[in-house]
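Written below as structure tokens is the structure these notes are about.
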Amino acid sequence: KALTALSDEEVIRKEIKQKLYHIRYQIDGSDESIVIATVRPETIMGDTAICVNPKDERYLHLHGKFAFVPLINRRIPIIADEYVTMDFGTGALKVTPAHDTNDYQLGTKHNLEVVDVLNDDGTMSEAAQIYVGLDRFETRKKIAVELEEKGYLLKTEEYTSEVGFSERTDVVVEPRLSLQWWLSMKDIATPALKAVMEEEIQFFPPKFRNVYKHWMENIKDWCVSRQLWWGHRIPAWYDEQGNVVVAENEEKAIEKYVADHGKNPVFFKQDEDCLDTWFSSWLWPFEVFKGYSNPGNKEIQYYYPTNTLVTAPEIIFFWVARMIMAGEEYMKAIPFKEVYFTGIVRDKQGRKMSKSLGNSPDLLGLIDQYGADASRFGIMISSPAGNDILFDEAALEQGRNFNNKMWNALKLIHMWKERTTDLVTEPPFAVRWFEERLRQVTEEVDLMMTQFRLSEALKTIYSLIWDDFCSWYLEWVKPGYEQPLEENVHDFTVDYFTELMQMLHPFMPFITEEIYHQLEKNREVDLCVRQCQMPNHSANSSILEQGQMLKEIITGIRDVRNKQQIKPKETIKLFIQTETPDIFKGLYGIIEKQVNASEINLSTTNIPGSFTTVIGKNTFYVVSEKPIDTSHQKAELEKEMEYLKGFLVSVEKKLSNERFVSNAKPEVIELEKKKKNDAENKIRIIEESLEKM
RNA sequence: GGGAGCAUAGCUCAGUUGGUUCAGAGCAUCUGCCUUACAAGCAGAGGGUCCGCGGUUCGAGCCCGUGUGCUCCCACCA
């Protein structure tokens, strides 16, 4: 047990206009006096020193002398401490250890007497000597008058400062000494600090390790007793003389008492205080499985330590650190391996959501409006790990639209099912490509999930479904109007869609489950959250590169169509000039469909009257009914040319820099050479195209 | 006052030993489309002195110093 100066929890600070009283204290053995300034003149009877700054020249001659507290004439020392600010008030501070936190610390440091002038009910105590039994605020008024009458009050000035009010009762909180139970923290903090610093326990995001480290390295003893009537009661018992015994329970306390005193206690009463809420909470990881009260039971063996704690960063110290300490102390093992910190949900303007602001969304209303999956999507997509969440309904709308998109994809696949053909062919390029793409993204998402980069994982899956699956893959395999689809292509598509639903399931459980069952009737098991099935070999990069090139070609030619204002329904003829015609094998069908080309041919020369565009190492000539506007095209090519030449210069400069060549890693130099080569090739191709225009 | 973090497109954010053409994504914006899954959509585009200054380096969005601005936690002046 130790004295506590004050607990400042549940205290609301408010700016209050007050009076600052300048009060004169007579110096012992001198005509001189020293003036202090205070807003609480009723506490002067608790003064046990006057403190000045050691550097303050005004008071140098008073160091070590004594002064008298007005009205009660207690003789108190004049001490010097850096704590006192010279330019505030008079530069002299009355020290009241019983009623001010800082004064208490000052008192401890300088071995000052402690005089508690207040009773529990806020009236003046016997120790105050005067105004005993009178309310503190009444005393303040009366004492000011008395001080003035007796010539101690020199002046009063208006002063605004912060005063603590009780959160529950809204009365001014009075710092007051009391006897409390404390827990010495240093020893139990050491292993807990080590566990996190050595990453036996990992924090996500890791930046919070700094906060934890700072706390644990500067840990203060913990006041664990509370004057409440609920909670775990302090396990301490007193006899009639106030001798105390601490034990696990009353039975053991009596045993201990008998051992210490050689007799049974006549009177034995448990302490009425309760433990701090967090003292109970820090037992949570093991005591929910009775790991302390019934050690080694089956459940605690299975569940302790657990894997991941999900919590908020503002309770790193209150709860996270304490659970780790309790785990190490009582279970001799860490309680969990990973801690994931969620952000605080804020409104669009960045304000914390709160009842008083009334800016919390009505979740059930949102679910009605957008759907449960969409609401989950909206929150998850805007939760970058470790950052606060700015809640914006637009994200929920995006989630709703995503639902709709997937629903429509399902509808399309159902339509195909009705007219598949038994004809089974080699899987077309699109099928092979998407398999690789799925494999690639699965690996990416798996990595993000293990790093708790949840919103990034969701974004990646979202893009895989919307862009790769719907916008590219489905369009690539889509049969012509009223044409049938090969059965195996349909089956692959169903498999892919299933795999996608599995990936998305943790984020959007309802629609994924539904689509999963509708894709294939009579599925026996439900979808559940499981780890990604890691592919048994890594993705085939050449197919992926080919797919990437295909996307770029399609986009590039669509851009030409747009810029040339060729109507969507109007077909074009496409000629490809390439040194590697093989890479286009099997892609003609897709390209024709995607850019609405009536035919595609290879060409070794420029096509007159066409629009030229260079994509990668290949030149494409677009022929349309419409007259081609080459001025725009020419300007674009020239612009690119200029850029490439500038780029080439910078690469060449780098390569001719001796210091670069001698210092850079060989693979970096190789890359630079490749860049140079690529740029030169591209410049040549564009030059040729420009010449012919 | 003590500590931590942040500053990249209009907004929210990625950018993983400093080296691909690195300046990105989503949303928003603009243009064109009622194309037979989807207008809650399709196709395309524009948009940035990577906060300022200095340094290290062959090379800096990334490393170091410094200034400015913001956020959070803790303490709080009689």
Side-chain angles (χ1 to χ4, degrees), chain A residues 8 13 20 36-40 43 51 83-85 88-96 100-103 159 161-162 205 207-215 218 313-314 316-317 344 348 350 352 370 374 381-382 384 386-390 392 394-395 397-416 447 451 453 455-456 459-460 462-463 470-471 474-475 478 481-482 554-556 558-563 565-569 594-596 643-644 647 651 653-654 657-665 667-672 674-675 678-679 682:
Chain A
D8 55 8
R13 296 194 157 267
L20 190 62
I36 58 91
T38 181
V39 293
R40 296 162 68 207
T43 64
C51 191
Y83 165 73
V84 178
T85 329
F88 185 89
T90 62
L93 168 75
K94 75 193 246 334
V95 186
T96 321
D100 184 285
T101 325
N102 290 305
D103 289 11
Y159 178 65
S161 72
E162 285 200 330
K207 69 179 179 188
F208 288 118
R209 295 170 74 222
N210 294 333
V211 178
Y212 182 84
K213 183 167 180 258
H214 182 252
W215 265 109
N218 297 287
E314 62 261 39
I316 286 178
F317 179 70
I344 296 169
K348 219 177 157 183
K352 220 169 173 173
Y370 299 102
I381 202 81
S382 48
N387 287 352
D388 287 352
I389 300 158
L390 262 77
D392 185 354
E397 198 178 333
Q398 196 185 346
R400 182 198 59 184
N401 295 352
F402 186 34
N403 271 329
N404 198 40
K405 186 71 183 178
M406 290 187 284
W407 203 248
N408 278 304
L410 178 70
K411 193 168 128 193
L412 177 68
I413 293 167
H414 277 160
M415 285 171 66
W416 288 350
L447 182 66
Q451 295 172 339
R453 298 162 72 161
S455 79
E456 275 179 80
K459 275 178 188 164
T460 305
Y462 172 81
S463 169
C470 292
S471 296
L474 289 180
E475 293 299 332
K478 187 189 265 181
Y481 184 53
E482 292 195 338
I554 291 165
T555 304
R558 280 172 173 171
D559 185 31
V560 170
R561 293 188 59 119
N562 256 322
K563 294 249 165 74
Q565 294 182 315
I566 297 170
K567 291 259 179 277
K569 281 181 177 165
Q594 294 270 276
V595 304
N596 196 14
Y643 171 77
L644 281 169
F647 175 70
V651 173
K653 215 164 158 187
K654 215 184 258 187
N657 182 336
E658 259 180 52
R659 294 211 272 178
F660 170 74
V661 179
S662 55
N663 286 318
K665 281 179 277 183
E667 55 266 35
V668 173
I669 295 173
E670 275 312 303
L671 274 170
E672 290 301 321
K674 186 176 176 291
K675 280 199 261 180
D678 286 353
K682 208 153 183 193

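Computed from heavy atoms alone, side chains included, the values below leave out hydrogens, waters and symmetry copies. What you are looking at is a predicted structure, and each value in this text was computed from that prediction instead of being measured. Numbered from 1 within each chain, the chains take letters A, B, ... in sequence-line order.
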Checklist outcome for this item: Intra- and inter-strand pairing of RNA chain B, written as dot-bracket with Watson-Crick and G-U pairs under 3.5 Å and | for the latter, reads (((((((..((((.....[....)))).(((((.......))))).....(((((..]....))))))))))))....
Checklist entry - The side chain of Arg453(A) lies closest to which of these nucleotides: U16(B), G44(B), A37(B)? => result U16(B)
Checklist entry - Is any NZ, NE, NH1 or NH2 atom of the basic residue among Lys459(A) and Glu456(A) found under 4.0 Å from an Asp or Glu carboxylate oxygen of the other? => result no
Checklist entry - How long is the gap from NZ on Lys94(A) to OG1 on Thr43(A), to the nearest 0.5 Å? => result 2.5 Å
Checklist entry - Just by modelled atom types, is the His214(A) backbone N or O under 3.5 Å from a matching donor or acceptor in the Asn218(A) side chain? => result yes
Enumerate the protein-to-nucleotides 56-66 of chain B contacts in which both atoms are nitrogen or oxygen and the separation is below 3.5 Å.
unit_1, atom_1, unit_2, atom_2, d
C58(B), OP2, Arg659(A), NH1, 3.4
C58(B), O2', Asn657(A), ND2, 3.0

Checklist entry - Between C74(B), A14(B), G41(B), which nucleotide has the shortest distance from any of its atoms to the side chain of Lys405(A)? => result G41(B)
Item to check | Minimum-distance nucleotide (side-chain atoms of Asn210(A) versus G5(B), C73(B), A45(B)) | outcome: G5(B)
Next on the checklist: Within the 4.5 Å heavy-atom criterion, are Val211(A) and Phe317(A) side-chain neighbours or not?
Outcome noted: no
Next on the checklist: With a 3.5 Å distance limit and no angle check, can you tell me whether Asp100(A) reaches the backbone of Asp103(A) through a side-chain donor-acceptor pair?
Outcome noted: yes
Next on the checklist: Taking the C1' atom in each of C70(B) and G24(B), what is the distance between them to the nearest angstrom?
Outcome noted: 25 Å
Checklist entry - Just to confirm, is there a sub-4.0 Å distance from OP1 or OP2 of C74(B) to any side-chain nitrogen or oxygen of Asn218(A)? => result no
Next on the checklist: At less than 4.0 Å, is any side-chain N or O atom of Ser471(A) found next to OP1 or OP2 of A43(B)? Yes or no.
Outcome noted: yes
Next on the checklist: Please report the distance separating the P of U66(B) from the corresponding atom of A23(B), rounded so that it comes out in whole Å.
Outcome noted: 31 Å
Checklist entry - Which whole number of Å gives the distance between the C1' atom of C77(B) and that of U71(B)? => result 25 Å
Next on the checklist: Applying side chain to side chain contact (heavy atoms under 4.5 Å, CB included), can you list everything that pairs with Val560(A), at least two apart in sequence or on another chain?
Outcome noted: Gln564(A), Phe611(A), Thr613(A), Val622(A)
Checklist entry - Considering only the P atoms, how many Å lie between A60(B) and G54(B), rounded to the nearest integer? => result 14 Å
Next on the checklist: Starting the side chain at C-beta, find the nucleotide from G44(B), A4(B), C77(B) nearest to Val211(A).
Outcome noted: A4(B)
Next on the checklist: Looking at Arg561(A) and Val595(A), would you say the former's side chain and the latter's main chain have a donor-acceptor pair under 3.5 Å?
Outcome noted: yes
Checklist entry - Considering only C74(B), G2(B), A45(B), which nucleotide approaches the side chain of His214(A) most closely? => result G2(B)
Checklist entry - Within less than 4.0 Å of OP1 or OP2 of A40(B), is there a side-chain N or O belonging to Arg400(A)? => result no
Checklist outcome for this item: Across all chains, not counting sequence neighbours, the side chain to side chain contact (heavy atoms under 4.5 Å, CB included) partners of Gln398(A) are Phe377(A), Tyr462(A)
Next on the checklist: When the P atoms of C62(B) and U56(B) are compared, how many Å lie between them, rounded to an integer?
Outcome noted: 15 Å
Checklist entry - Does Ser455(A) place a side-chain N or O at less than 4.0 Å from the phosphate oxygens OP1/OP2 of C13(B)? => result no
Checklist outcome for this item: 5'-most contact on RNA chain B (nearest-nucleotide basis), Thr90(A) vs Asp559(A), goes to Asp559(A)
Item to check | Pairwise P distance for G15(B) and G59(B), with rounding to whole Å | outcome: 26 Å
Next on the checklist: Taking only the P atom of each, what is the distance from C22(B) to A37(B) in whole angstrom?
Outcome noted: 36 Å
Checklist outcome for this item: Given protein heavy atoms under 4.0 Å, the one-letter contact record of nucleotides 25-35 of chain B, with B base, S sugar-phosphate only and - none, is simply -SS-----S-S
Checklist entry - RNA chain B: Tyr83(A) or Asn408(A), which has the more 5' nearest nucleotide? => result Asn408(A)
Item to check | Contacts of type side chain to side chain contact (heavy atoms under 4.5 Å, CB included), residue Lys411(A), not counting sequence neighbours | outcome: Asn408(A)
